[in-house]
Asks: 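Here it is: the structure, laid out below.
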Amino acid sequence: MSPAITVTDLVKTYGEHRAVDGLSFTVEPGEILALLGPNGAGKTSTAECIAGLRHPDAGHVEVLGVDPRAERERVAGRLGVMLQDGGVHRSATPAELIGTFAAYYDDPLDPVAIIAELGLDGVARRRVRTLSGGEAQRVSLALALVGRPRVALLDEPTVGMDPATRRATWQRLDALREDGVAVLLTTHLMEEAEQLADRVAVIDRGGLVALDAPDVLTAPDRGLHVETPGPFEPERLAAALSCEVTHLEGQRWHVDLPAERLSAVAVWFASQGVALSGVTVARQRLEDVYLRLTDNDEPASAHDEDAER
Amino acid sequence: MSVRRLRAQVRLELTLLARNGENLLISLGIPVGMLLFLHVVPVLPDGSSAPLDALAPGALTVALMGSGMVALGISTAFEREYSVLRRYGVTPLRRGELVAAKATAVLAVQAVQVLVIGGVAVALGWRPSPTAAGLAAAVAGLVLASAAFAGIGLALAGRLPALRALAALNALFVLLLFLGGVAVPLAVLPGALAAIGGLTPTAWTVAVLVGALDAGAVDDGGALPGVATALAVLVLWAAGALAVASRLFRWS
């Protein structure tokens with residue numbers, strides 16, 4: 001089967017700034033690809049080029065085998081898009097908008113059904129401007145999905161959602177994958193990428209720095225992770241077991257020993273009378289991998305995302 | 001062009017236009033209020049109130065400015081600002097369908113305006129007696145004026161940030177109200193202002209309506225040539241304003 005989205009050597013510049021700089025990847029039908037990267041890494045520009053909203057300065061983009069900008073009308077009926085800046089009419093109600101959008105497509109979902117499925121019954125007849133951020137995001141998601149898309153482009157779909165709603169949305173996206181939809185998701189949330197994505201593309205300064213399944217990206221690191229609330233002397237641990245001990249953050253330490261020496265570490269701590277809250281074979285967290293790959297100081301949290309809006 | 005998409009979009013556009021309180025005020029409240037006020041209060045220099053044969057066409061013209069220029073312009077400016085138009089760009093809705101839906105919605109609102117304002121004027125004693133040709137000229141004048149005002153509104157809405165478009169359109173509305181020969185007769189204005197006012201689409205719309213709806217003027221043989229000239233000027237205004245709007249318009 002050919003890819004649903006093909007991005008080849010994509011370049012997008014704004015004046016002097018190369019927002020996207022030679023990016024290539026594909027998204028297969030039935031796959032969720034998460035695009036991860038710091039603010040300004042080029043995620044939104046990439047999504048907008050795929051949506052046909054922007055013209056690539058070099059390289060090309062194909063959606064379902066077609067140039068999405070030159071042949072917009074052939075693609076639009078099979079594309080579901082959730083833009084980061086919303087685009088949801090604030091004076092209209094969710095019911096009016098979802099009903100109108102349904103009429104744009106040949107074989108839409110039942111508007112009443114998707115309103116219920118996304119938990120919007122209670123607000124379906126209120127104006128969008130009176131909704132919370134998370135509710136407005138769900139309306140936007142409903143507008144992206146009501147036409148039964150084969151390709152979904154979701155730019156930070158769960159921003160502003162509470163944890164329960166976010167989980168429900170993840171389930172909905174899982175269901176899209178089951179239906180064979182190709183999903184391109186941009187996100188700042190490591191957990192979202194880890195939970196949902198079949199593959200994660202980490203981009204930085206417009207270029208691809210990693211592209212793989214989340215568990216490949218977070219493959220076991222060398223050594224053990226030790227977590228302890230009590231103070232201890234890392235130099236003495238290092239001397240006793242002849243290994244390197246380095247501080248990770250907070251109460252977490254990295255001990256450079258193979259997995260079978262785990263018990264020796266536990267015994268040493270017991271002999272010191274220091275409690276352990278955890279000893280594990282080190283697995284990198286996606287966030288650590290991401291921060292190392294993108295190599296800048298920006299904390300990957302939802303907070304700066306809020307500040308951005 | 002898909003009838004299904006067009007119908008759905010017309011319904012949405014009409015719902016949104018009718019929902020907005022400011023739109024109702026500027027589309028119906030102000031022109032009807034103006035008609036009543038100027039009919040009751042003697043504002044002319046000789047101490048009489050203006051004749052309904054002048055007031056009713058003036059109120060109709062103001063109504064077209066309210067719906068075609070101000071309401072359409074402001075709502076479009078905010079749709080642009082909130083990326084609503086951009087989002088339409090990633091759906092199967094085509095630009096032509098969106099433009100046709102908005103035009104249909106505005107024309108439907110204007111049909112209601114003509115009925116309401118015409119009805120109030122008749123209730124006050126207005127007795128227009130147009131010939132068939134005069135009636136056709138009046139309808140043509142209304143449509144051309146509507147296109148000209150919509151073009152002006154969209155030209156501003158298509159470039160300016162929404163709040164600035166809102167301010168500019170309201171200011172322009174007031175300016176045309178006073179300079180366009182509707183609230184104040186052109187004859188009363190100082191020469192330079194009257195000359196400027198005489199160029200506005202507002203003044204030319206009033207000229208078409210007054211001339212076309214008054215059979216007496218036709219009998220004199222004096223009015224219809226004037227009406228034809230005014231219609232020709234409105235054609236220029238409509239074509240020019242729409243051309244400028246489509247040049248300036250940015251969808252996002």
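In what follows, every chain begins at residue 1, and chains take the letters A, B, ... in the order their sequences are listed.
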Asks: Given a strict heavy-atom distance threshold of 4.5 Å, which part of A:L143 is in contact with chain B: side chain, backbone, both, or neither?
Replies: both

Asks: Checking heavy atoms, do the side chain of A:R127, its backbone, both or neither come under 4.5 Å from chain B?
Replies: side chain

Asks: Using 30° and 60° as the class limits, which term best fits the ring planes of A:Y104 and A:F101: parallel, tilted or perpendicular?
Replies: tilted

Asks: How about A:D155 and A:L83: do any of their side-chain heavy atoms sit closer than 4.5 Å?
Replies: no

Asks: Any side-chain donor-acceptor pair under 3.5 Å between B:Q9 and A:T100?
Replies: no

Asks: Below 4.5 Å from any heavy atom of chain B, which atoms of A:A102 appear? Answer side chain, backbone, both or neither.
Replies: neither

Asks: Counting only non-hydrogen atoms closer than 4.5 Å, does B:R94 touch chain A with its backbone (N, CA, C, O), its side chain (CB onward), both, or neither?
Replies: both

Asks: Identify which part of B:T91 has an atom lying under 4.5 Å from any heavy atom of chain A, answering side chain, backbone, both or neither.
Replies: both

Asks: Would you indicate whether the side-chain heavy atoms of A:H89 and B:L12 approach each other to under 4.5 Å?
Replies: no

Asks: Cation-pi check, A:R90 to B:Y82: give yes when NZ or CZ is under 6.0 Å from the six-membered ring centre and within 45° of the ring axis, no otherwise.
Replies: yes

Asks: Answer with side chain, backbone, both or neither: which region of B:Y88 has an atom nearer than 4.5 Å to a non-hydrogen atom of chain A?
Replies: both

Asks: Less than 4.5 Å apart, side chain to side chain, heavy atoms only: is that true for B:E22 and B:N170?
Replies: no

Asks: Which region of B:L16, side chain (C-beta onward) or backbone (N, CA, C, O), has a non-hydrogen atom less than 4.5 Å from a non-hydrogen atom of chain A, or is it both or neither?
Replies: side chain

Asks: Which one wins on heavy-atom pair count under 4.5 Å against chain A: B:R7, B:R4, B:R5, B:E97?
Replies: B:R4

Asks: Among B:V84, B:L6, B:T15, which residue has the highest count of heavy-atom pairs closer than 4.5 Å to chain A?
Replies: B:V84

Asks: Considering only heavy atoms and a distance below 4.5 Å, find which of A:L79, A:D106, A:V75 pairs most often with chain B.
Replies: A:D106

Asks: Using side chain to side chain contact (heavy atoms under 4.5 Å, CB included) as the criterion, point out the one residue from A:D9, A:V7, A:L10 that pairs with A:P56.
Replies: A:L10

